[in-house]
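Input: a single structure, listed below in structure tokens.
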Amino acid sequence: MCCFSRPVRHVADTEIFCRMGEKGHQVVVYSMKLDAAEDLAMILPIPVHANSTESAVKFLDFSGYADFFVDLNRHFPDRGSPFGYSAPRSAVAQQLKVQRVGNFDASFVPTVADFPRLDERFRLPLEVWDGLPEYADFGFVVFKLRAGEAKVHPMGFAFPSRDSSKVVFPTVHIHDGKIHKKADFDHALYVQEPAQEVRMEWEESERPAMRHMNIPATKGAVRPEHHIYRKVLNGMLKNEDVVIGSNRTRVA
């Protein structure tokens, strides 16, 4: 889910890498272009284990690897970039813990009820979550972003998933404080160690990840010996998360 705590002027070129890692911890790396008139937060609901604490999520600093997705796309030379680029791009309750992760401040919100512990600028009204009952028992990763137009360097984190047989891409859109049945997608999704149906339906890299990735800079997010699979989503599509695994693939 890509939710913003304030209206945004423009969001584009969203790229998400996911992998189910060790001990049932899912890895997510997220990047996009954003134009906002004021400081705001991007909020990503994640299916964490019940009763997860504030320390359940491990944030990964990718400020030193801005070209993470550029290098991912070098594994697909015959099909090109999904966005046409060819060169590198550069409260009453106790407040939630804030961590500095590269150019961002980040927090993990364990439950919907914990949102009042965040600054009002960086949360959605609770009634928004009332309209999304499927996320009632999720946790939420919050990245605080600055006003202006920028290419956001990759944001990475790992969390203890409640179901290690599924990989969840947070792709539901809330860009204006409202929930819409369809949304305009401009996304490229990447995965490793996929379910069998993904091997059949997604583009496969010609070489393992070690061919083009700076593996040490990925902070363990990428398995060097495994291939990468990519799917591009464009246009008005059903506004939901993409879920793969358990012998099924649901694509927005």
Side-chain angles (χ1 to χ4, degrees), residues 13-32 44 46 57-90 101-102 151-161 163-171 185-234 241-252:
D13 296 6
T14 299
E15 297 181 273
I16 309 172
F17 170 86
C18 289
R19 181 176 71 83
M20 187 57 67
E22 293 70 27
K23 299 180 180 180
H25 283 65
Q26 181 179 320
V27 174
V28 179
V29 185
Y30 197 110
S31 183
M32 64 193 167
L44 300 176
I46 52 175
V57 171
K58 177 183 178 182
F59 290 100
L60 307 173
D61 183 357
F62 279 86
S63 59
Y65 197 7
D67 294 336
F68 177 89
F69 286 103
V70 174
D71 286 351
L72 271 183
N73 276 291
R74 292 173 66 194
H75 291 84
F76 302 89
D78 294 337
R79 283 144 288 186
S81 162
F83 307 121
Y85 58 74
S86 57
R89 307 161 296 176
S90 310
V101 187
K151 172 64 183 178
V152 178
H153 80 60
M155 299 169 278
F157 59 93
F159 67 92
S161 175
D163 187 349
S164 61
S165 69
K166 301 175 184 176
V167 173
V168 179
F169 288 83
T171 51
F185 277 70
D186 185 23
H187 288 52
L189 310 181
Y190 308 83
V191 71
Q192 286 188 302
E193 306 169 58
Q196 182 59 38
E197 62 268 29
V198 173
R199 296 181 187 276
M200 298 170 58
E201 298 172 6
W202 293 38
E203 303 172 74
E204 182 179 2
S205 63
E206 296 180 341
R207 302 284 185 86
M210 67 179 72
R211 179 66 178 85
H212 295 296
M213 301 298 294
N214 179 348
I215 296 300
T218 70
K219 315 287 185 178
V222 175
R223 290 292 299 271
E225 74 276 17
H226 289 186
H227 283 219
I228 301 160
Y229 294 78
R230 183 179 77 173
K231 189 174 188 69
V232 178
L233 301 177
N234 285 314
D241 289 340
V242 172
V243 181
I244 62 176
S246 294
N247 297 317
R248 70 189 183 94
T249 304
R250 186 179 78 231
V251 178

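On a predicted model such as this, the values are computed, not experimentally measured, just so you know.
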Give, for atom CZ of F159 and atom NE2 of H25, the distance between the pair rounded to the nearest 0.5 Å. 9.5 Å
Between atom OG of S63 and atom NE2 of H153, what is the distance when rounded to the nearest 0.5 Å? 5.0 Å
I46 side chain reached by F157 side chain, heavy atoms, under 4.5 Å: yes
Report the C-alpha distance between D163 and S161 in whole Å, list the side-chain angles of each, state the deciding distance to 0.1 Å, and finish with yes or no for side-chain hydrogen bond (donor to acceptor under 3.5 Å, both in side chains). CA-CA 5 Å; D163 187 349; S161 175; over 6 Å; no
Of the non-hydrogen atoms in E204 and F76, which two are nearest, and what is the gap between them? C-CE2, 3.6 Å
Between the SG atom in C18 and the OH atom in Y30, the distance rounded to the nearest 0.5 Å is 10.0 Å
Contact check, side chains of V198 and K231, non-hydrogen atoms, under 4.5 Å: no
Who passes side chain to side chain donor-acceptor pair (under 3.5 Å) against S164, sequence neighbours left out? none
Check whether any side-chain heavy atom of V29 sits under 4.5 Å from a side-chain heavy atom of F69, and report yes or no. yes
To check you understand the geometry: which heavy-atom pair defines the closest contact between H187 and N234, and what is its length? N-OD1, 4.3 Å
Heavy-atom closest contact (I16 atom, P170 atom, distance): CD1-O, 3.8 Å
Measuring from E203:CD to Y229:OH, what's the distance to the nearest 0.5 Å? 12.0 Å
Under the side chain to side chain donor-acceptor pair (under 3.5 Å) rule, collect the residues that match up with E22, sequence neighbours excluded. none
Could I get the full list of salt bridge (charged side-chain N to carboxylate O under 4.0 Å, His left out) partners for D71, not counting sequence neighbours? R74
Using side-chain heavy atoms (C-beta onward) and a distance below 4.5 Å, is V191 in contact with R19? no
Among residues at least two apart in sequence or on other chains, which ones pass ring pair (Phe, Tyr, Trp, His ring centres under 6.0 Å) with F17? F68
Which pair of heavy atoms, one from F169 and one from I244, lies closest together, and at what distance? CE1-CD1, 4.1 Å
For P208 against P224, the heavy-atom pair lying closest together: CB-O, 3.5 Å
Name all residues meeting the ring pair (Phe, Tyr, Trp, His ring centres under 6.0 Å) criterion together with H212; count only those two or more places apart in sequence or in a different chain, and write none if there are none. H75
Dump the intermediate steps for side chain to side chain contact (heavy atoms under 4.5 Å, CB included) on R230 and E15, then the final yes or no. CA-CA 10 Å; R230 183 179 77 173; E15 297 181 273; over 6 Å; no
By the definition side chain to side chain contact (heavy atoms under 4.5 Å, CB included), identify the one residue from L233, D13, T14 that meets it with D186. D13
Output yes when a side-chain donor or acceptor of Y65 lies under 3.5 Å from a complementary backbone atom of N214, and no otherwise. yes
May I ask you to test the T171-L189 pair for a side-chain heavy-atom distance under 4.5 Å? yes
Side-chain donor-acceptor pairs of residues 216-223 under 3.5 Å, sequence neighbours excluded:
residue, atom, partner, partner atom, Å
T218, OG1, I215, O, 2.8
R223, NE, E225, OE2, 3.1
R223, NH2, E225, OE2, 2.4

Residue pair Q26 / V168: nearest heavy atoms and the distance that separates them: NE2-O, 2.8 Å
